[in-house]
Amino acid sequence: MRPAKDFFAPLAVGAPAPLRDIPARPSRAIHFFDPSNAKMAAKVPQMVGTVDVLLGNLEDAVKADNKLAARQGLVDIAKSTDFGPTQLWTRINALDSPWVLDDLTTLVTEVGDKLDVVMVPKVQGAEDIHYVDRLLAQLEAKAGLERPILVHAILETARGVANIEEICGASPRMQGLSLGPADLAADRRMKTTRVGGGHPGYLVRQDPPRNELGVADVEAQRTTYQQDLWHYTIARMVDACAMHGIYPYYGPFGDIADTVACEDQFRNAFLLGCVGTWSLHPKQIAIANRVFSPSVEDVAHARRVVAAMGDGTGAVMLDGKMEDDASLKQCLVMVRLAEQLAEIDPELKAAYDAVGADGEVTA
Ligand SMILES: CC(C)(COP(=O)(O)OP(=O)(O)OC[C@H]1O[C@@H](n2cnc3c(N)ncnc32)[C@H](O)[C@@H]1OP(=O)(O)O)[C@@H](O)C(=O)NCCC(=O)NCCSC(=O)C[C@H](O)C(=O)O
Ligand SMILES: [Mg+2]
(Lines give C-alpha, C1' and ligand atoms only; values in the text may rest on other atoms or scores of the structure.)
(Ligands and ions follow the chains in the order given, each with its own letter.)
Protein backbone atom coordinates (compact mmCIF):
# COMPACT_ATOMS: atom_id res chain seq x y z
CA MET A 1 0.00 0.00 0.00
CA ARG A 2 1.28 3.47 -0.91
CA PRO A 3 1.07 5.70 2.19
CA ALA A 4 -0.81 9.00 1.83
CA LYS A 5 2.40 11.05 2.09
CA ASP A 6 3.80 9.36 -1.07
CA PHE A 7 0.61 9.36 -3.13
CA PHE A 8 1.49 12.53 -5.05
CA ALA A 9 5.21 11.85 -5.39
CA PRO A 10 6.46 11.24 -8.97
CA LEU A 11 7.08 7.53 -9.61
CA ALA A 12 10.33 8.15 -11.51
CA VAL A 13 13.16 10.61 -11.04
CA GLY A 14 12.57 13.49 -13.45
CA ALA A 15 8.90 12.69 -14.11
CA PRO A 16 6.42 15.57 -13.78
CA ALA A 17 4.57 15.87 -10.48
CA PRO A 18 1.09 14.28 -10.51
CA LEU A 19 -1.90 16.64 -10.55
CA ARG A 20 -3.75 17.22 -7.27
CA ASP A 21 -7.09 17.69 -9.08
CA ILE A 22 -8.20 16.29 -12.39
CA PRO A 23 -9.28 19.23 -14.57
CA ALA A 24 -12.93 19.21 -15.69
CA ARG A 25 -12.15 19.60 -19.40
CA PRO A 26 -15.20 19.21 -21.65
CA SER A 27 -15.24 15.72 -23.12
CA ARG A 28 -18.79 15.18 -24.33
CA ALA A 29 -17.69 12.93 -27.18
CA ILE A 30 -14.57 10.78 -27.24
CA HIS A 31 -14.38 10.13 -30.95
CA PHE A 32 -12.68 6.87 -31.95
CA PHE A 33 -10.68 6.57 -35.15
CA ASP A 34 -8.43 3.84 -36.47
CA PRO A 35 -5.09 5.51 -37.35
CA SER A 36 -4.29 2.66 -39.78
CA ASN A 37 -7.42 3.43 -41.81
CA ALA A 38 -6.34 6.02 -44.39
CA LYS A 39 -9.86 7.38 -44.93
CA MET A 40 -10.49 7.88 -41.20
CA ALA A 41 -7.04 9.30 -40.58
CA ALA A 42 -7.50 11.83 -43.37
CA LYS A 43 -10.62 13.16 -41.62
CA VAL A 44 -8.87 13.86 -38.30
CA PRO A 45 -7.51 17.37 -39.05
CA GLN A 46 -10.93 18.61 -40.16
CA MET A 47 -12.56 17.15 -37.03
CA VAL A 48 -10.37 19.25 -34.73
CA GLY A 49 -12.56 21.84 -33.02
CA THR A 50 -15.78 19.95 -33.81
CA VAL A 51 -15.31 17.32 -31.11
CA ASP A 52 -13.95 17.55 -27.56
CA VAL A 53 -11.71 14.45 -27.74
CA LEU A 54 -10.11 12.63 -30.68
CA LEU A 55 -8.97 9.13 -29.71
CA GLY A 56 -6.53 7.13 -31.80
CA ASN A 57 -7.63 3.55 -31.17
CA LEU A 58 -4.99 0.84 -31.17
CA GLU A 59 -6.99 -1.99 -29.52
CA ASP A 60 -10.13 -3.89 -30.58
CA ALA A 61 -11.54 -2.95 -34.01
CA VAL A 62 -7.98 -2.57 -35.34
CA LYS A 63 -6.97 -5.69 -37.24
CA ALA A 64 -4.01 -7.61 -35.78
CA ASP A 65 -2.11 -7.13 -39.04
CA ASN A 66 -2.57 -3.36 -38.75
CA LYS A 67 -1.42 -2.87 -35.13
CA LEU A 68 1.99 -1.47 -36.04
CA ALA A 69 0.55 0.72 -38.80
CA ALA A 70 -2.05 2.08 -36.36
CA ARG A 71 0.62 2.97 -33.79
CA GLN A 72 2.82 4.67 -36.40
CA GLY A 73 -0.22 6.34 -37.96
CA LEU A 74 -1.11 7.86 -34.62
CA VAL A 75 2.45 9.15 -34.15
CA ASP A 76 2.32 10.76 -37.61
CA ILE A 77 -1.10 12.34 -36.99
CA ALA A 78 -0.06 13.63 -33.56
CA LYS A 79 3.11 15.19 -34.98
CA SER A 80 1.43 16.83 -37.96
CA THR A 81 -1.81 18.09 -36.39
CA ASP A 82 -2.46 21.21 -34.32
CA PHE A 83 -5.19 20.00 -31.99
CA GLY A 84 -6.14 23.43 -30.65
CA PRO A 85 -8.83 23.00 -27.99
CA THR A 86 -9.44 19.34 -28.88
CA GLN A 87 -7.83 16.75 -26.61
CA LEU A 88 -5.84 13.84 -28.04
CA TRP A 89 -6.33 10.49 -26.33
CA THR A 90 -5.30 6.98 -27.27
CA ARG A 91 -6.63 3.55 -26.38
CA ILE A 92 -3.65 1.24 -26.00
CA ASN A 93 -3.77 -2.52 -26.49
CA ALA A 94 -4.67 -4.72 -23.53
CA LEU A 95 -2.02 -5.20 -20.85
CA ASP A 96 -1.75 -8.94 -21.64
CA SER A 97 -1.17 -8.32 -25.36
CA PRO A 98 2.19 -8.39 -27.17
CA TRP A 99 1.71 -4.81 -28.43
CA VAL A 100 1.08 -2.72 -25.33
CA LEU A 101 4.68 -2.18 -24.19
CA ASP A 102 5.65 -0.75 -27.58
CA ASP A 103 2.40 1.25 -27.71
CA LEU A 104 3.33 3.10 -24.53
CA THR A 105 7.06 3.34 -25.22
CA THR A 106 6.58 4.72 -28.73
CA LEU A 107 3.71 7.08 -28.03
CA VAL A 108 5.08 8.66 -24.86
CA THR A 109 8.61 9.14 -26.15
CA GLU A 110 7.57 10.37 -29.61
CA VAL A 111 4.38 12.36 -29.02
CA GLY A 112 3.89 12.38 -25.24
CA ASP A 113 3.68 16.18 -25.25
CA LYS A 114 0.55 15.94 -27.46
CA LEU A 115 -1.19 13.14 -25.52
CA ASP A 116 -3.68 14.09 -22.83
CA VAL A 117 -5.04 10.71 -21.74
CA VAL A 118 -4.20 7.03 -22.20
CA MET A 119 -7.27 4.80 -22.11
CA VAL A 120 -6.48 1.34 -20.73
CA PRO A 121 -8.83 -1.48 -21.74
CA LYS A 122 -9.98 -4.45 -19.64
CA VAL A 123 -8.68 -3.08 -16.34
CA GLN A 124 -9.12 -5.72 -13.65
CA GLY A 125 -7.87 -4.01 -10.51
CA ALA A 126 -5.49 -1.49 -8.98
CA GLU A 127 -2.48 -3.60 -10.02
CA ASP A 128 -3.13 -2.80 -13.70
CA ILE A 129 -3.20 0.93 -13.01
CA HIS A 130 -0.03 0.68 -10.87
CA TYR A 131 1.80 -0.96 -13.78
CA VAL A 132 0.78 1.74 -16.25
CA ASP A 133 1.42 4.49 -13.68
CA ARG A 134 5.06 3.53 -13.08
CA LEU A 135 5.79 2.89 -16.74
CA LEU A 136 4.30 6.24 -17.75
CA ALA A 137 6.44 8.01 -15.13
CA GLN A 138 9.61 6.33 -16.43
CA LEU A 139 8.76 7.22 -20.02
CA GLU A 140 7.75 10.78 -19.16
CA ALA A 141 11.12 11.26 -17.43
CA LYS A 142 12.94 9.80 -20.42
CA ALA A 143 11.03 12.07 -22.81
CA GLY A 144 11.45 15.15 -20.61
CA LEU A 145 7.70 15.78 -20.43
CA GLU A 146 6.53 18.66 -18.27
CA ARG A 147 2.97 17.55 -17.55
CA PRO A 148 1.71 14.11 -16.57
CA ILE A 149 -0.32 12.00 -18.98
CA LEU A 150 -3.62 10.96 -17.39
CA VAL A 151 -5.10 7.45 -17.32
CA HIS A 152 -8.65 6.37 -18.14
CA ALA A 153 -9.82 2.81 -17.39
CA ILE A 154 -12.46 0.86 -19.31
CA LEU A 155 -14.68 -1.31 -17.12
CA GLU A 156 -15.22 -4.42 -19.16
CA THR A 157 -14.78 -7.37 -16.83
CA ALA A 158 -16.76 -8.55 -13.83
CA ARG A 159 -13.56 -8.32 -11.79
CA GLY A 160 -13.06 -4.73 -12.89
CA VAL A 161 -16.57 -3.85 -11.76
CA ALA A 162 -16.03 -5.62 -8.42
CA ASN A 163 -12.81 -3.61 -7.94
CA ILE A 164 -14.20 -0.32 -9.17
CA GLU A 165 -13.36 1.81 -6.13
CA GLU A 166 -9.74 0.63 -5.90
CA ILE A 167 -9.28 1.26 -9.63
CA CYS A 168 -10.53 4.84 -9.33
CA GLY A 169 -8.23 5.52 -6.38
CA ALA A 170 -5.17 3.64 -7.66
CA SER A 171 -3.24 6.68 -8.94
CA PRO A 172 -3.47 10.46 -9.06
CA ARG A 173 -3.34 10.01 -12.84
CA MET A 174 -6.83 8.47 -12.88
CA GLN A 175 -8.98 10.73 -15.07
CA GLY A 176 -12.11 8.62 -15.45
CA LEU A 177 -13.92 5.41 -16.33
CA SER A 178 -15.83 4.24 -19.39
CA LEU A 179 -18.27 1.39 -19.74
CA GLY A 180 -17.16 -1.37 -22.14
CA PRO A 181 -20.53 -3.07 -22.62
CA ALA A 182 -19.50 -5.62 -25.25
CA ASP A 183 -16.53 -7.10 -23.40
CA LEU A 184 -18.34 -6.78 -20.08
CA ALA A 185 -21.38 -8.64 -21.41
CA ALA A 186 -19.14 -11.45 -22.67
CA ASP A 187 -17.17 -11.64 -19.43
CA ARG A 188 -20.36 -11.74 -17.35
CA ARG A 189 -21.90 -14.31 -19.72
CA MET A 190 -24.81 -12.01 -20.37
CA LYS A 191 -26.98 -13.34 -23.21
CA THR A 192 -26.75 -10.33 -25.49
CA THR A 193 -24.93 -9.86 -28.78
CA ARG A 194 -25.09 -6.05 -29.05
CA VAL A 195 -22.51 -3.32 -28.45
CA GLY A 196 -24.24 -1.21 -25.79
CA GLY A 197 -27.86 -0.12 -25.78
CA GLY A 198 -30.95 -1.89 -24.55
CA HIS A 199 -32.54 -5.25 -25.25
CA PRO A 200 -36.26 -5.89 -25.86
CA GLY A 201 -36.15 -9.04 -23.72
CA TYR A 202 -35.02 -7.17 -20.60
CA LEU A 203 -38.36 -5.85 -19.41
CA VAL A 204 -41.00 -5.69 -16.72
CA ARG A 205 -44.68 -6.26 -17.43
CA GLN A 206 -47.71 -4.48 -16.05
CA ASP A 207 -49.68 -6.43 -13.43
CA PRO A 208 -52.50 -8.59 -14.85
CA PRO A 209 -56.10 -7.36 -14.59
CA ARG A 210 -58.22 -9.25 -11.99
CA ASN A 211 -61.86 -10.27 -12.15
CA GLU A 212 -64.38 -9.55 -9.38
CA LEU A 213 -63.18 -12.66 -7.50
CA GLY A 214 -59.60 -11.37 -7.57
CA VAL A 215 -58.41 -13.98 -10.09
CA ALA A 216 -55.64 -12.66 -12.34
CA ASP A 217 -56.01 -12.89 -16.14
CA VAL A 218 -52.35 -13.51 -17.01
CA GLU A 219 -53.22 -13.99 -20.71
CA ALA A 220 -54.63 -10.44 -21.01
CA GLN A 221 -52.83 -7.88 -23.17
CA ARG A 222 -50.44 -5.98 -20.91
CA THR A 223 -47.97 -3.18 -21.41
CA THR A 224 -44.30 -4.05 -21.03
CA TYR A 225 -41.53 -1.60 -20.20
CA GLN A 226 -38.02 -2.16 -21.52
CA GLN A 227 -35.39 -1.75 -18.81
CA ASP A 228 -31.82 -0.53 -19.05
CA LEU A 229 -29.28 -3.38 -18.91
CA TRP A 230 -26.50 -0.94 -18.02
CA HIS A 231 -28.15 1.03 -15.23
CA TYR A 232 -26.46 -0.87 -12.41
CA THR A 233 -22.95 -0.56 -13.82
CA ILE A 234 -23.29 3.09 -14.83
CA ALA A 235 -24.66 3.96 -11.40
CA ARG A 236 -21.70 2.26 -9.71
CA MET A 237 -19.31 4.10 -12.02
CA VAL A 238 -20.90 7.46 -11.25
CA ASP A 239 -20.60 6.96 -7.49
CA ALA A 240 -17.03 5.63 -7.61
CA CYS A 241 -15.90 8.47 -9.87
CA ALA A 242 -17.63 11.19 -7.84
CA MET A 243 -16.04 9.81 -4.67
CA HIS A 244 -12.57 10.03 -6.24
CA GLY A 245 -13.01 13.34 -8.08
CA ILE A 246 -12.75 11.75 -11.54
CA TYR A 247 -15.18 11.44 -14.47
CA PRO A 248 -17.59 8.71 -15.66
CA TYR A 249 -18.46 8.12 -19.32
CA TYR A 250 -20.92 5.91 -21.17
CA GLY A 251 -19.14 3.82 -23.82
CA PRO A 252 -19.92 2.68 -27.34
CA PHE A 253 -23.37 2.49 -28.95
CA GLY A 254 -22.85 0.07 -31.79
CA ASP A 255 -26.12 0.52 -33.71
CA ILE A 256 -24.83 3.43 -35.76
CA ALA A 257 -28.05 3.65 -37.80
CA ASP A 258 -30.32 3.97 -34.73
CA THR A 259 -29.56 7.57 -33.86
CA VAL A 260 -32.75 7.85 -31.79
CA ALA A 261 -31.99 4.99 -29.39
CA CYS A 262 -28.38 6.17 -29.26
CA GLU A 263 -29.56 9.58 -28.08
CA ASP A 264 -31.80 7.95 -25.43
CA GLN A 265 -28.94 5.84 -24.08
CA PHE A 266 -26.59 8.83 -23.99
CA ARG A 267 -29.25 10.96 -22.24
CA ASN A 268 -29.79 8.33 -19.52
CA ALA A 269 -26.05 8.42 -18.84
CA PHE A 270 -26.01 12.25 -18.81
CA LEU A 271 -28.92 12.42 -16.37
CA LEU A 272 -27.30 9.85 -14.10
CA GLY A 273 -24.04 11.84 -13.88
CA CYS A 274 -21.81 10.87 -16.82
CA VAL A 275 -19.89 13.73 -18.46
CA GLY A 276 -19.57 12.20 -21.93
CA THR A 277 -19.61 9.13 -24.12
CA TRP A 278 -17.82 7.47 -27.03
CA SER A 279 -18.52 8.27 -30.66
CA LEU A 280 -17.76 5.52 -33.17
CA HIS A 281 -19.00 7.27 -36.30
CA PRO A 282 -18.95 10.96 -37.27
CA LYS A 283 -22.75 11.13 -36.96
CA GLN A 284 -22.61 10.25 -33.25
CA ILE A 285 -20.55 13.37 -32.43
CA ALA A 286 -23.47 15.78 -32.85
CA ILE A 287 -25.69 13.52 -30.75
CA ALA A 288 -23.16 13.43 -27.91
CA ASN A 289 -22.48 17.18 -28.07
CA ARG A 290 -26.21 17.90 -27.89
CA VAL A 291 -27.01 15.43 -25.11
CA PHE A 292 -24.05 16.19 -22.85
CA SER A 293 -24.62 19.97 -22.98
CA PRO A 294 -27.33 21.26 -20.63
CA SER A 295 -30.34 22.63 -22.49
CA VAL A 296 -30.91 26.40 -22.57
CA GLU A 297 -34.15 25.80 -20.61
CA ASP A 298 -32.30 23.91 -17.87
CA VAL A 299 -29.63 26.61 -17.65
CA ALA A 300 -32.32 29.32 -17.47
CA HIS A 301 -34.10 27.49 -14.66
CA ALA A 302 -30.84 26.84 -12.81
CA ARG A 303 -29.87 30.52 -13.00
CA ARG A 304 -33.32 31.55 -11.73
CA VAL A 305 -32.88 29.27 -8.72
CA VAL A 306 -29.37 30.63 -8.05
CA ALA A 307 -30.70 34.20 -8.23
CA ALA A 308 -33.72 33.43 -6.04
CA MET A 309 -31.66 31.65 -3.39
CA GLY A 310 -29.63 34.77 -2.53
CA ASP A 311 -27.04 33.74 0.07
CA GLY A 312 -27.74 30.08 -0.71
CA THR A 313 -29.55 29.16 2.50
CA GLY A 314 -33.19 28.74 3.42
CA ALA A 315 -36.13 27.77 1.19
CA VAL A 316 -38.07 29.67 -1.48
CA MET A 317 -41.05 28.91 -3.73
CA LEU A 318 -40.47 29.17 -7.50
CA ASP A 319 -43.21 28.21 -9.98
CA GLY A 320 -45.02 26.36 -7.20
CA LYS A 321 -41.97 24.30 -6.26
CA MET A 322 -39.76 24.39 -3.19
CA GLU A 323 -36.09 25.24 -3.76
CA ASP A 324 -33.49 25.03 -1.00
CA ASP A 325 -29.76 24.62 -0.32
CA ALA A 326 -29.74 21.15 -1.90
CA SER A 327 -31.62 22.01 -5.10
CA LEU A 328 -29.33 25.05 -5.38
CA LYS A 329 -26.34 22.67 -5.45
CA GLN A 330 -27.96 20.71 -8.31
CA CYS A 331 -28.51 23.98 -10.18
CA LEU A 332 -24.88 25.01 -9.64
CA VAL A 333 -23.73 21.76 -11.30
CA MET A 334 -25.76 22.79 -14.35
CA VAL A 335 -24.60 26.43 -14.33
CA ARG A 336 -20.91 25.53 -13.95
CA LEU A 337 -21.08 22.95 -16.75
CA ALA A 338 -22.71 25.56 -19.00
CA GLU A 339 -19.90 28.01 -18.19
CA GLN A 340 -17.21 25.43 -19.01
CA LEU A 341 -18.84 24.47 -22.31
CA ALA A 342 -19.40 28.12 -23.28
CA GLU A 343 -15.63 28.64 -23.09
CA ILE A 344 -15.01 26.16 -25.92
CA ASP A 345 -18.26 26.21 -27.91
CA PRO A 346 -19.23 29.60 -29.46
CA GLU A 347 -22.75 28.42 -30.44
CA LEU A 348 -23.51 27.27 -26.93
CA LYS A 349 -22.01 30.46 -25.54
CA ALA A 350 -24.43 32.54 -27.63
CA ALA A 351 -27.37 30.39 -26.53
CA TYR A 352 -26.41 30.50 -22.84
CA ASP A 353 -25.57 34.24 -23.03
CA ALA A 354 -29.16 34.88 -24.10
CA VAL A 355 -30.12 33.72 -20.61
CA GLY A 356 -29.43 36.44 -18.05
CA ALA A 357 -27.90 35.85 -14.63
CA ASP A 358 -31.46 35.97 -13.26
CA GLY A 359 -32.53 33.17 -15.61
CA GLU A 360 -34.64 35.41 -17.85
CA VAL A 361 -34.15 34.89 -21.59
CA THR A 362 -33.17 38.31 -22.96
CA ALA A 363 -32.63 37.65 -26.68
C1 LIG B 1 -18.65 1.50 -37.74
C2 LIG B 1 -17.74 1.70 -38.93
C3 LIG B 1 -17.07 0.39 -39.31
C4 LIG B 1 -18.58 2.21 -40.11
O5 LIG B 1 -17.68 2.53 -41.16
P6 LIG B 1 -18.21 2.79 -42.63
O7 LIG B 1 -18.99 1.60 -43.10
O8 LIG B 1 -17.03 3.19 -43.48
O9 LIG B 1 -19.22 4.00 -42.43
P10 LIG B 1 -19.72 5.06 -43.44
O11 LIG B 1 -19.68 4.55 -44.85
O12 LIG B 1 -21.03 5.57 -42.96
O13 LIG B 1 -18.64 6.23 -43.31
C14 LIG B 1 -18.81 7.47 -43.95
C15 LIG B 1 -17.47 8.16 -44.02
O16 LIG B 1 -17.03 8.45 -42.69
C17 LIG B 1 -15.77 7.82 -42.45
N18 LIG B 1 -15.76 7.31 -41.06
C19 LIG B 1 -16.48 6.30 -40.56
N20 LIG B 1 -16.22 6.15 -39.26
C21 LIG B 1 -15.33 7.10 -38.95
C22 LIG B 1 -14.67 7.45 -37.74
N23 LIG B 1 -14.88 6.74 -36.61
N24 LIG B 1 -13.84 8.49 -37.75
C25 LIG B 1 -13.59 9.19 -38.89
N26 LIG B 1 -14.18 8.90 -40.07
C27 LIG B 1 -15.03 7.86 -40.09
C28 LIG B 1 -15.69 6.69 -43.46
O29 LIG B 1 -14.34 6.37 -43.72
C30 LIG B 1 -16.38 7.31 -44.65
O31 LIG B 1 -15.46 8.18 -45.29
P32 LIG B 1 -15.60 8.56 -46.85
O33 LIG B 1 -15.77 7.26 -47.59
O34 LIG B 1 -14.35 9.29 -47.18
O35 LIG B 1 -16.83 9.43 -46.95
C36 LIG B 1 -16.68 2.80 -38.63
O37 LIG B 1 -17.37 3.97 -38.34
C38 LIG B 1 -15.74 2.44 -37.53
O39 LIG B 1 -14.87 1.57 -37.69
N40 LIG B 1 -15.84 3.12 -36.41
C41 LIG B 1 -14.95 2.96 -35.29
C42 LIG B 1 -15.19 1.62 -34.62
C43 LIG B 1 -14.38 1.51 -33.34
O44 LIG B 1 -13.51 2.30 -33.05
N45 LIG B 1 -14.66 0.48 -32.55
C46 LIG B 1 -13.96 0.31 -31.28
C47 LIG B 1 -14.68 0.99 -30.15
S48 LIG B 1 -16.08 0.08 -29.55
C49 LIG B 1 -15.31 -1.16 -28.62
O50 LIG B 1 -14.14 -1.31 -28.65
C51 LIG B 1 -16.16 -2.05 -27.74
C52 LIG B 1 -15.81 -1.82 -26.28
O53 LIG B 1 -14.47 -1.97 -25.99
C54 LIG B 1 -16.61 -2.80 -25.46
O55 LIG B 1 -16.05 -3.80 -25.00
O56 LIG B 1 -17.81 -2.55 -25.34
MG1 LIG C 1 -13.87 -3.76 -25.19
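Every number for a ligand or one of its atoms is a count from 1 in the order of the listing. What you are looking at is a predicted structure, and each value in this text was computed from that prediction instead of being measured. Starting from 1, each residue takes its place in the sequence as its number.
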Below 4.0 Å from any atom of ligand 1, is there a heavy atom belonging to Pro282? yes

Would you check the N or O atoms of Trp278, main chain and side chain alike, for any that come under 3.5 Å of an N or O of ligand 1? no

Interatomic distance, OG1@Thr90 vs CG@Leu54, rounded to 0.5 Å, equals 11.5 Å

Ligand-residue contact atoms, ligand 1 with His31, heavy atoms, under 4.0 Å: 22 (C), 23 (N), 24 (N), 25 (C)

Counting only non-hydrogen atoms of the protein, does one fall under 4.0 Å from atom 6 (P) of ligand 1? no

Applying a 4.0 Å heavy-atom criterion (strictly less than), which segment of Arg91 is in contact with ligand 1: side chain, backbone, both, or neither? side chain

Would Arg28 and Asp345 pass as an ion pair if we require N to O under 4.0 Å? yes

To check your reading of the model: name the closest protein heavy atom to atom 40 (N) of ligand 1, its residue, and the distance in Å. Leu280 O, 2.8 Å

Can you confirm, on distance only, whether ligand 1 has an N/O atom lying under 3.5 Å from any N/O atom belonging to Phe33? no

Flag: protein heavy atom within less than 4.0 Å of atom 2 (C) of ligand 1: no

the protein heavy atom lying closest to atom 38 (C) of ligand 1 turns out to be Met40 CE, 3.4 Å

Before accepting this row, confirm whether a basic side-chain N of the pair Arg25/Glu343 lies closer than 4.0 Å to the acidic partner's carboxylate O. no

Within 45° of the ring axis of Tyr225 and under 6.0 Å from its six-membered ring centre, is that where the NZ or CZ of Arg205 lies? no

Does Asp34 come within less than 4.0 Å of ligand 1, judged by its heavy atoms? no

Do Asp187 and Lys122 meet the salt-bridge criterion of a basic N to acidic O distance under 4.0 Å? no

Ligand-side contact atoms (ligand 1) for residue partner Asp60, heavy atom cut-off under 4.0 Å: 46 (C)

Measuring from atom 4 (C) of ligand 1, which candidate in Lys39, Gln284, His281 has the nearest non-hydrogen atom? His281

Electrostatic pair Glu140-Arg173, nearest N-O below 4.0 angstrom: yes

Is a salt bridge present between Lys39 and Asp34, judged by a nitrogen-to-oxygen distance below 4.0 Å? no

Is atom 47 (C) of ligand 1 touching the protein, meaning some protein heavy atom lies under 4.0 Å away? yes

So does Glu127 pair up with Arg159, basic N to acidic O under 4.0 Å? yes

Going by a strict under-4.0 Å cutoff (protein heavy atoms only), does atom 36 (C) of ligand 1 have a neighbour on the protein? yes

Applying a 4.0 Å heavy-atom criterion (strictly less than), which segment of Ala61 is in contact with ligand 1: side chain, backbone, both, or neither? side chain

I'd like to know if the Mg ion (ligand 2) has an N/O/S atom from Asp183 within less than 2.8 Å of it, counting both backbone and side-chain atoms. yes

Are any N, O or S atoms from Glu156 nearer to the Mg ion (ligand 2) than 2.8 Å? yes

Would you say atom 33 (O) of ligand 1 touches the protein, meaning some protein heavy atom is under 4.0 Å from it? yes

Can you tell whether the side chains of Arg2 and Asp6 come within less than 4.0 Å, N to carboxylate O? no

With a 4.0 Å cut-off, strictly under, does atom 55 (O) of ligand 1 pick up any protein heavy atom? yes

Calculate, to the nearest 0.5 Å, the distance between atoms CD1 and CG belonging to Ile256 and Leu280 respectively. 5.0 Å

Quick look: Pro252 vs ligand 1, heavy-atom contacts under 4.0 Å, and the answer is side chain

Tell me the protein heavy atom at minimum distance from atom 28 (C) of ligand 1, and give that distance in Å. Lys43 NZ, 4.6 Å

What's the verdict on side-chain contact (heavy atoms from CB on, under 4.5 Å) for Ile129 and Val123, showing C-alpha distance, side-chain angles and the deciding distance? CA-CA 8 Å; Ile129 303 299; Val123 171; 4.0 Å; yes

Please check whether Pro181 reaches ligand 1 - meaning an N/O of the residue sits under 3.5 Å from an N/O of the ligand, judged on distance alone. yes

N/O of Val195 under 3.5 Å from N/O of ligand 1, yes or no? no

Aromatic rings Phe270 and Phe292: how do their planes relate, parallel, tilted or perpendicular, breaks at 30° and 60°? perpendicular

Under 4.0 Å from atom 44 (O) of ligand 1, is there any protein heavy atom? yes

Pick from Asp60, Ile30, Val62: which one makes a side chain to side chain contact (heavy atoms under 4.5 Å, CB included) with Arg91? Asp60

Taking only Lys NZ, Arg NE, NH1 and NH2, and the carboxylate oxygens of Asp or Glu, determine whether Glu263 and Arg290 approach each other closer than 4.0 Å. yes

